[in-house]
Structure formats: structure tokens, C-alpha cells
Asks: 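Quick one: structure below, then a few questions.
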Amino acid sequence: MPALAARLAIVLMLGLALAAPAWAGATSAVVHKAAVQVHGAPDFKAPTVATLARGASVTVAGQQGMWFRIALPAGQSGYVRVNDVRMAPAGTEGAAADVRALFTGKAGKGRVTETAGVRGLDESTLQAAGYDGAQMALLQSYRAGTDAAADYARDHGWTATSVAFPAEARPGARGGSTQARKRGGISAARGLLSQIGGGAFGGHANEALEVADAAAGKSEEELSAEELALGPEIAGRILGAAPLLEDADAQRRVNLIGRWLASQTTRPELPWSFGVIDSAEVNAFAAPGGYVLVTRGLYELLADDAEVAAVLGHEIGHVVQRDHYNVIRKQAVTETGGNIVAGHVDVGGSLAANMAKDYVRRHGATVMLTRLDREAEFRADEAAEIYLARAGGNPLALYAVLQKMAALGTQSASLAQLYKTHPGLDDRLDRCDRRGLAGLQRYTRRD
């Protein structure tokens, strides 16, 4: 019987490969699990019409929620989950345009086929871009309140769920004294030391005080002040390079979804702002303090609210973890030769604002193209899955997004900057598979 089953599986694979219809925009994929059941409809309760073995080649002809429609013999079709197969990358820009057409429902013409002819947001562009105050004001005008976001979630059937995330940062728990208060204590200690005299003990104590003075860390209050000052300065320069897409519905949508998702994190109090910028490349940016921008090229690939939430969730994860802000802090320490005293911050905001303006004067918004530690990117992917589950969505939406991006291929000009700053998409999908959606399996049946 096992031998017969194996022969039947081979016959089915061959039948699929030979009889798959040449659907417009269809793309190839490979079965990624030991055995995959193909359902007659995008529903777990639908009859199983075929069973595929690992490595079988299939043709993906469309998507419905967390299901891919695939070709079956005799011109029929069936459905598998988005993580049952792995997309084969497009080999050319023309093939990548077909992938876009497949998932956007648009013909292979016009905006979705823009490639290297449209300059992307590269490092030199973000270095030179000036702050666009009008665009910043427009971005902030689309901000959604927590009540409006909750109403949107409820209207779309999303309900908040408690899901643990042990690796999630909890910045508000840091507390601590400000640098000014710490150095005030150090100064008092120096005064007392001078009163009791020097000597060997006094010399060593003074050296210890010098070290303490140089290493006085910032309080949570000071860190937050710097984030809040940096965010608008950096986001404003990204908008100077690529303005907001002239689509008010899209802008309102990303703000409602993003605000609902951010409300499920440990930093709901940030002034979260979300926007879609008019750039053909496939990318997204997370500036400190709660500013998230998604390119039109990526936004157009997203099938539904869950996939929008997946992209925003990854960027929200970077903000919550302070990933880009920590890069900025390291740069500041390096540039000042380790003199942390230069990082004094008045929590009233004036010195933090001056620091932010000085930083972007020298660097522009180039920190957005800094290659973060691989683990930071993997953690942001995990955060997206968890935030999706918490918000009432399906964690598999992230997998679907990564699949479609991978299908565009490594030669796609629209992904050039993403590949420079992120681990390979196959690596990210592999990490998702290794995590196995631990603790989230019950939420993967949502559609």
C-alpha cells in the first residue's frame, strides 16, 4: 500500500505539471510540507480533492484570504493554505510584473510595472531630502484615535485577544533618574570628597566618579523625549523624498488598522502616524516615536486588511523595540568619541529637539536604510504575527506577504533596497517555519 500511494502521488504531480492551465498571471510554487490536502473551496470543511507530496510543483492562480488557488487536472482548481507551498521567485522583471498582476488583479501595464526607471529611496536620496512641513502636517491630519480604530476593528470582525510575547520590549518599565539628576549626585560626591581630602583613596574615588560621570545612562523620560523629537524630523525628510500617495481612503485605512494594531502593544501612548508614500519600490519604514510609512509598491501587493496589518505590525515592532533609535544612539556615541556627556537632554524637549535637528542635518533620513541586526528583523516578524493575533487577525497574513514579495524574485528592481537592508525573504520564511507559530496555531484558522 505505501508503494501504491507513492506511485499515485507521482502520477498526481505529473498530472498537475502537464495539465495545469495557462492562467494569465499564474506563477509557480512548490509544496513545502510532507503532505498537503487540496480543498475544493477555501474552507477547511470543503472536501479534499487531492493530496500533494513535498516537492510537488504547482501553479498558483490566485488568492482568497489565507488560501492560494492552484491548478488541478482537467482545468479544475483547488485551494491550499498560504504556508503549504513556497513561491518560486520570478526570474525577470517581466515575470515579476506577472506576479504583481496576479495578486493585484491589475493587468501587466501601468503603475504596477514600474521598475528601475523610477528612482527608489536610496541612501543618497534620503541624505539629500529636505524636511517637507506640508506633507508632515498632512500625514498627521490622518492620525486615527483609539476609539475610531476600535470601531473599525469591530466593524470588520476583529476582537482584541490576549497573547503573550515574552521578548517584547517594555520601555515604560525602565524609569530611573535623568542624567542631570545623576550628575547632580556625582557633583555632590565630588564636593564631599574635596572636603575630606585627597590621598590614595581620594584619587581612586575621583577616578571612579569620572567613569560614572561619563557613563551616566539616560532615563526612560529622556529616551522617550529623544524618540519623539527624532520621529517627525526623519519622517518629514522621507516625505521630502516621496510624498504621500494622493488617496485619502488608503491613508485613512492604514491609520485605522495601524492604530488598532499599535493599541495591542506595550507602547500604545505614542503619537502613532501611518502613511502610504508614492514610491514604486516595495518597502516600508519605521521612524522612532511611532511614524510608519509604506510604499505604494508594497501597498498595492496587499490583498486585505490582515496583510496591511502584517506589514504595519513588522514596522510597529521596530518602533516598540527602539531598533532604529538604538542605531542613532550608537552613531552619536561613536561620533562624540564616547563622550556621553554630550548627550544631555532637557526633558522639556528643547535640547532633545536640537539634538534631533543636528542629527538629521548630518545624516538626513539615511538611518531608515541601515541594515539592522538579523535577529532584530526576525523579532519584528515575530512581533507582526503576535500583534495580528492580539488584534483579532490571522498571523499567517505575514507569511502571505513574504511569499508574494519572494515571488517577485531577487532581480526585481522594486526590491533592491529591501534586499540591502533585510535578511533574504527565504531566510525570513524559514524562520517563520521554525517558529512554527508556537502558541498562535489556534489563530491561524481565522480568515
Asks: Verify the neighbour count for atom CZ of R445: are there more than 12 heavy atoms of other residues, nucleotides or ligands below 6.0 Å?
Replies: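 12 or below, so no.
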Asks: From the options E377, E375, E382, select the one residue that forms a salt bridge (Lys or Arg N to Asp or Glu O under 4.0 Å) with R431.
Replies: E375
Asks: Looking at T295 and N283, would you say the former's side chain and the latter's main chain have a donor-acceptor pair under 3.5 Å?
Replies: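 Here the side-chain-to-backbone pair exists.
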Asks: Could you check whether any side-chain heavy atom of R100 comes within less than 4.5 Å of a side-chain heavy atom of S414, counting everything from C-beta outward?
Replies: yes
Asks: Whether the side chain of E281 engages the backbone of D122 through a donor-acceptor N/O pair (distance < 3.5 Å, no angle test) should be reported.
Replies: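 No; judged by distance alone, with no hydrogens or angles, the pair does not exist.
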Asks: Can you name the closest pair of heavy atoms from R379 and A167 and give their distance?
Replies: CD-O, 4.3 Å
Asks: Who pairs with E168 by salt bridge (Lys or Arg N to Asp or Glu O under 4.0 Å), at least two apart in sequence or on another chain?
Replies: R390
Asks: Can you tell me how far OG1 of T370 sits from NZ of K330, rounded to the nearest 0.5 angstrom?
Replies: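 Atom-to-atom, K330:NZ and T370:OG1 are 11.0 Å apart.
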Asks: Please round to the nearest 0.5 Å and tell me the distance separating atom CG of L256 and atom CZ of R143.
Replies: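 Reported value, rounded in 0.5 Å steps: 14.0 Å.
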Asks: Could you pull out all residues at least two apart from E315 that satisfy salt bridge (Lys or Arg N to Asp or Glu O under 4.0 Å)?
Replies: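 In terms of salt bridge (Lys or Arg N to Asp or Glu O under 4.0 Å), with neighbours along the sequence ignored, E315 is linked to no residue.
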Asks: Among L398, L437, L396, find the residue that satisfies the side chain to side chain contact (heavy atoms under 4.5 Å, CB included) test when tested with C432.
Replies: L398
Asks: Between E385 and Y443, does any side-chain donor sit less than 3.5 Å from a side-chain acceptor?
Replies: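 The answer is no; no qualifying pair exists.
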Asks: Do D247 and R296 meet the salt-bridge criterion of a basic N to acidic O distance under 4.0 Å?
Replies: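 No salt bridge links R296 with D247.
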Asks: Could you go through M368 and T421, starting from their C-alpha distance and side-chain angles, then the distance that decides it, and tell me whether this counts as side-chain contact (heavy atoms from CB on, under 4.5 Å)?
Replies: CA-CA 9 Å; M368 293 294 95; T421 57; over 6 Å; no
Asks: Can you tell whether the side chains of R86 and D430 come within less than 4.0 Å, N to carboxylate O?
Replies: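 Salt bridge: yes.
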Asks: Decide, yes or no, whether a salt bridge links R435 with D381 under the criterion of side-chain N to carboxylate O below 4.0 Å.
Replies: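 No, this pair does not count.
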Asks: Around atom CD of Q37, are there more than 12 heavy atoms from other residues, nucleotides or ligands closer than 6.0 Å?
Replies: no
Asks: Looking at F103, is its backbone amide N or carbonyl O close enough to the side chain of K404 to form a donor-acceptor pair, meaning the two atoms are under 3.5 Å apart?
Replies: no
Asks: Which heavy atom in D427 sits nearest to a heavy atom in F378, and how many Å separate them?
Replies: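 Looks like O-CE2, 4.0 Å.
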Asks: Considering non-hydrogen atoms only, spot the tightest contact between M405 and L425 and give its length.
Replies: C-CD1, 3.6 Å
Asks: With the side chain counted from C-beta on, respond yes when H324 and F285 share a heavy-atom pair under 4.5 Å apart, and no when they do not.
Replies: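 Not touching, per the 4.5 Å side-chain cut-off.
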Asks: Are more than 12 heavy atoms from other residues, nucleotides or ligands located less than 6.0 Å from atom CD of Q441?
Replies: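 More than 12 heavy atoms, drawn from other residues, nucleotides or ligands, come within 6.0 Å of this atom.
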Asks: Between L121 and A241, what is the shortest heavy-atom contact and its length?
Replies: CD2-CB, 3.7 Å
Asks: When you measure from the side chain of S224 to the backbone N and O of E221, does any donor-acceptor pair fall under 3.5 Å?
Replies: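 No, because the side chain of S224 does not come within donor-acceptor range (under 3.5 Å) of the backbone of E221.
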Asks: Rounded to the nearest 0.5 Å, what separation is found between the CZ atom of R428 and the NE2 atom of H422?
Replies: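 Output value for this atom pair is 5.0 Å.
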Asks: Between T27 (side chain) and V60 (backbone), is there a donor-acceptor pair under 3.5 Å?
Replies: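 Flag not set: sc T27 to bb V60 has no pair under 3.5 Å.
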Asks: For the CZ atom on R442, are there more than 12 heavy atoms of other groups (residues, nucleotides or ligands in this structure) within a distance under 6.0 Å?
Replies: no
Asks: When rounded to the nearest 0.5 angstrom, what is the spacing between CG in L388 and OG1 in T161?
Replies: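 Rounded to the nearest 0.5 Å, the CG-OG1 separation comes out at 11.0 Å.
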Asks: Just say parallel, tilted or perpendicular for the rings of W67 and Y79, cut-offs at 30° and 60°.
Replies: perpendicular
Asks: Mind checking whether W272 and F274 have parallel, tilted or perpendicular rings, split at 30° and 60°?
Replies: parallel
Asks: How close do P268 and S263 get, counting heavy atoms only, and between which atoms?
Replies: CB-CA, 4.1 Å
Asks: Is R322 paired with E220 through a side-chain N to carboxylate O contact shorter than 4.0 Å?
Replies: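 A salt bridge is present here (some side-chain N lies under 4.0 Å from a carboxylate O).
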Asks: Is any side-chain heavy atom of R329 closer than 4.5 Å to a side-chain heavy atom of N326?
Replies: yes
Asks: Counting C-beta onward and ignoring hydrogens, is there a side-chain heavy-atom pair between M355 and E226 closer than 4.5 Å?
Replies: yes
Asks: Between atom CH2 of W158 and atom CH2 of W260, what is the distance when rounded to the nearest 0.5 Å?
Replies: 10.0 Å
Asks: Can you check whether P243's main-chain N or O pairs, donor with acceptor, with D278's side chain at less than 3.5 Å?
Replies: no
Asks: Do I257 and H156 come within less than 4.5 Å of each other through their side chains, counting heavy atoms only?
Replies: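 No; the side chains remain at least 4.5 Å from each other.
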Asks: Between R252 and A144 (side chain of the first, backbone of the second, donor and acceptor by atom type, cut-off under 3.5 Å), is there such a pair?
Replies: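 Not confirmed, R252 side chain does not pair with A144 backbone.
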Asks: Do the side chains of V58 and V80 get nearer than 4.5 Å, heavy atoms only?
Replies: no
Asks: Evaluate the side-chain hydrogen bond (donor to acceptor under 3.5 Å, both in side chains) criterion for residues R81 and T444: first the C-alpha distance (whole Å), next the side-chain angles of each, then the deciding distance (0.1 Å), finally the verdict.
Replies: CA-CA 10 Å; R81 295 297 269 179; T444 62; 5.6 Å; no
Asks: Taking all non-hydrogen atoms of both residues, which atom of G289 and which atom of V319 are closest, and how far apart?
Replies: N-CG1, 4.2 Å
Asks: Should H318 and L372 be marked as a side-chain contact (heavy atoms from CB on, under 4.5 Å) after you check the CA-CA gap, both sets of side-chain angles, and the distance that decides it?
Replies: CA-CA 10 Å; H318 282 314; L372 299 173; 3.4 Å; yes
Asks: side-chain contact (heavy atoms from CB on, under 4.5 Å), that's the test. Do D433 and H32 meet it? Break it down for me.
Replies: CA-CA 10 Å; D433 287 335; H32 192 56; 2.7 Å; yes
Asks: Measure the shortest side-chain to side-chain distance between Y299 and V254 over non-hydrogen atoms and say whether it is less than 4.5 angstrom.
Replies: yes
Asks: According to salt bridge (Lys or Arg N to Asp or Glu O under 4.0 Å), who are the partners of R361, at least two apart in sequence or on a separate chain?
Replies: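 Only D358 meet the salt bridge (Lys or Arg N to Asp or Glu O under 4.0 Å) criterion with R361.
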Asks: Checking E307 against Q63: is there a side-chain donor and acceptor pair closer than 3.5 Å?
Replies: yes
Asks: Could you check if a side-chain atom of Q140 sits within less than 4.5 angstrom of a side-chain atom of Y291, using non-hydrogen atoms only?
Replies: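 The answer is yes; the side chains approach within 4.5 Å.
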Asks: Which distance, rounded to the nearest 0.5 Å, do you find between the CG of L293 and the CG of L244?
Replies: 7.0 Å
